Amino acid sequence: MEMGSEVRNKQVILKNYVTGMPKESDMAVTTHNTITLKLPESSNSVIVKNLYLSCDPYMRGRMRKPDSPSFVGSFVPGSPLSGYGVGKVVVSGHPNFKEGDLVLAWGTTGWEEYSVIAAPETLLKIQSTDVPLSYYTGILGMPGMTAYAGFYEVCTPQKGERVFVSAASGAVGQLVGQFAKLLGCYVVGSAGSKEKVDLLKNKFGFDEGFNYKEEPNFEAALKRYFPEGIDIYFDNVGGKMLDAVLLNMRIHGRIAVCGMISQYNLDQPEGVHNLVNIVGRRVRMQGFLAGDYLHLYPKYLQMVFPYIKEGKVVYVEDVSEGIESAPAALLGLFTGRNVGKKVVLVARE
């Protein structure tokens with residue numbers, strides 16, 4: 001493909017701000033757009049051809065009006081969604097990147113076939129290609145850093161501690177459980193189907209797992225698996241599960257609040273009723289974002305690459321093909337359709 005040529009650029013746009021559960025009709029795949037693969041002479045931007053797009057639950061918050069509480073800006077109706085992705089540089093005005101470089105876009109690539117990255121400092125050059133490229137949207141990208149920072153930095157775990165992970169078969173949870181097992185912890189995870197619970201125990205090495213949809217009483221379920229209480233809770237769901245955990249925490253327990261997917265589509269968020277328990281039990285509860293720990297990314301890669309190569313850590317992905325599949329792929333996160341990390345394959349280089 002020649003530099004300067006005009007090419008088709010399919011896009012996934014948000015039609016309007018969303019309240020309640022999002023629907024595929026809230027988005028549209030447009031096929032009439034084009035992009036010229038050329039930059040102005042003084043530009044330091046980079047044009048990337050998107051290969052993989054990452055579907056992540058935090059994107060639901062970006063579908064709300066800008067006055068809604070969110071740690072990240074809202075999408076603009078009529079424009080493409082954006083997020084994390086893996087791409088190939090096709091045109092570069094920046095000295096650090098050249099044509100052909102593979103890059104991880106840290107939250108800045110459009111949901112389209114080609115994106116102009118106006119802030120190239122948000123691109124991380126991919127050095128190692130002896131693993132699937134899609135891993136850079138998951139275990140080697142933001143979800144991996146989220147698991148690493150949340151577990152090791154926020155939870156400060158010790159060998160032998162009792163660890164509970166919710167949404168445990170997802171992009172982040174599957175890694176937290178495996179990191180905890182490698183440290184010598186007792187690990188239990190909750191997930192939303194028998195298939196996912198089997199994955200927890202048979203593929204990821206969790207000690208136990210349960211299907212929360214089959215548990216009428218979360219507190220009783222947690223007492224069953226943690227008769228002596230929970231030292232560490234890695235929270236991906238919030239809501240009723242968090243409330244039940246607060247009744248089961250041990251003294252000096254830690255709760256890393258990674259996400260609250262049970263609340264994202266509610267017009268009126270559920271309250272938490274058992275917070276008083278963190279006082280007497282001296283529990284530390286902390287929210288965090290992977291971006292706060294980006295300085296540790298090289299250290300994380302040093303740790304996780306050997307684990308991947310030795311088979312000590314495995315990673316399950318759920319890949320949809322074609323940018324047309326992206327709206328359904330994203331919405332599947334909120335109904336539990338995905339098994340593992342949800343990725344959209346846009347192009348094979």
Side-chain angles (χ1 to χ4, degrees), residues 57 138-139 143-144 146-148 150-152 154-155 157-250 253-263 304 307-308 311-318 332-342:
I139 185 171
T146 303
Y148 175 72
F151 184 60
Y152 292 105
V154 177
C155 294
Q158 303 291 319
K159 181 179 179 179
E161 287 194 310
R162 302 156 182 84
V163 177
F164 176 50
V165 186
S166 54
S169 68
V172 175
Q174 59 175 294
L175 292 173
V176 175
Q178 292 179 82
F179 293 161
K181 284 308 299 174
L182 285 165
L183 193 62
C185 297
Y186 167 75
V187 186
V188 178
S190 63
S193 71
K194 182 184 183 304
E195 177 194 8
K196 291 178 181 180
V197 171
D198 287 345
L199 259 187
L200 298 183
K201 296 196 281 191
N202 302 329
K203 194 165 184 81
F204 303 138
F206 283 58
D207 294 288
E208 293 289 352
F210 63 90
N211 180 352
Y212 70 89
K213 291 176 183 172
E214 292 181 348
E215 296 292 344
N217 184 325
F218 290 166
E219 188 194 348
L222 292 172
K223 282 249 176 353
R224 196 162 73 237
Y225 292 108
F226 295 98
E228 295 173 41
I230 298 165
D231 292 297
I232 289 173
Y233 174 43
F234 198 99
D235 186 15
N236 289 305
V237 302
K240 294 182 176 67
M241 188 64 80
L242 173 59
D243 238 357
V245 166
L246 288 166
L247 296 170
N248 282 278
M249 291 299 292
R250 288 165 61 82
R254 284 84 73 207
I255 299 175
V257 185
C258 173
M260 294 197 170
I261 199 169
S262 72
Q263 306 301 296
V304 81
Y307 283 159
I308 294 170
K312 289 182 177 172
V313 169
V314 295
Y315 201 61
V316 170
E317 298 177 306
D318 188 333
L333 296 176
F334 305 107
T335 55
R337 266 207 312 266
N338 61 302
V339 178
K341 166 69 195 156
K342 190 69 205 177

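Computed from a predicted model, the values in this text were never measured in an experiment.
When side chains are defined from C-beta on, Asp231 does not count as touching Gln158, because their heavy atoms never get closer than 4.5 Å. Side-chain contact between Val188 and Ile230: absent, with no pair of heavy atoms (C-beta onward) separated by less than 4.5 Å. Side-chain contact between Glu195 and Leu199: absent, with no pair of heavy atoms (C-beta onward) separated by less than 4.5 Å. At a threshold of 4.5 Å between non-hydrogen side-chain atoms, the residues Tyr233 and Ser166 count as touching. Between Cys258 and Thr146, some side-chain heavy-atom pair lies under the 4.5 Å cut-off. You'll find the side chain of Val237 reaches within 4.5 Å of the side chain of Asp235, heavy atoms only. The shortest side-chain heavy-atom distance between Ile232 and Arg254 falls under the 4.5 Å cut-off.
Distance check: Leu247 CG to Leu242 CG gives 10.0 Å after rounding to the nearest 0.5 Å. The CD atom of Glu208 lies 12.5 Å from the CZ atom of Phe164; values are rounded to the nearest 0.5 Å. Rounding to the nearest 0.5 Å places CG of Asn338 at 12.0 Å from CD of Glu317. Atoms CZ and OH, on Arg162 and Tyr186 in that order, are 9.5 Å from each other to the nearest 0.5 Å. For the atom pair CZ of Phe179 and OH of Tyr307, the computed distance is 8.0 Å after rounding to the nearest 0.5 Å. Of the inter-residue distances, the one linking Gln263 atom CD with Lys240 atom NZ reads 8.0 Å to the nearest 0.5 angstrom.
Using modelled atom types, one finds no donor on one side chain facing an acceptor on the other under 3.5 Å when comparing Lys194 with Asn211.
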Task: side chain to side chain contact (heavy atoms under 4.5 Å, CB included) between Tyr315 and Ile308, intermediate numbers included - done: CA-CA 8 Å; Tyr315 201 61; Ile308 294 170; over 6 Å; no
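Aromatic rings of Phe151 and Phe234 (six-membered ring for Trp) have centroids beyond the 6.0 Å cut-off, not under it.
Formation of a donor-acceptor pair under 3.5 Å by the Lys203 side chain with backbone atoms of Val316 is not found in this model. Distance alone, capped at 3.5 Å, is enough to place a donor-acceptor pair between the Asp318 side chain and the Val339 backbone.
The minimum heavy-atom distance linking Met241 with Leu222 is given by the pair SD-CD1, 4.5 Å. Closest heavy-atom contact between Glu215 and Ala221: OE1-CB, 3.6 Å. Heavy atoms only, all atoms of each residue included: Ala147 and Leu175 are closest at CB-CB, 3.7 Å. The two residues Lys181 and Val187 come nearest to each other via the heavy atoms CD-CG2, 3.5 Å. Between Ser169 and Gln174, the closest heavy-atom pair is O-NE2, 3.8 Å. Minimum heavy-atom separation, Pro216 to Glu214: CD-O, 3.4 Å.
Using a 30° and 60° split on the angle between ring planes, Phe218 and Tyr212 fall in the perpendicular class, above 60°. Relative ring orientation between Phe210 and Tyr225 is described as parallel, the plane-to-plane angle staying below 30° on a 0-90° scale split at 30° and 60°.
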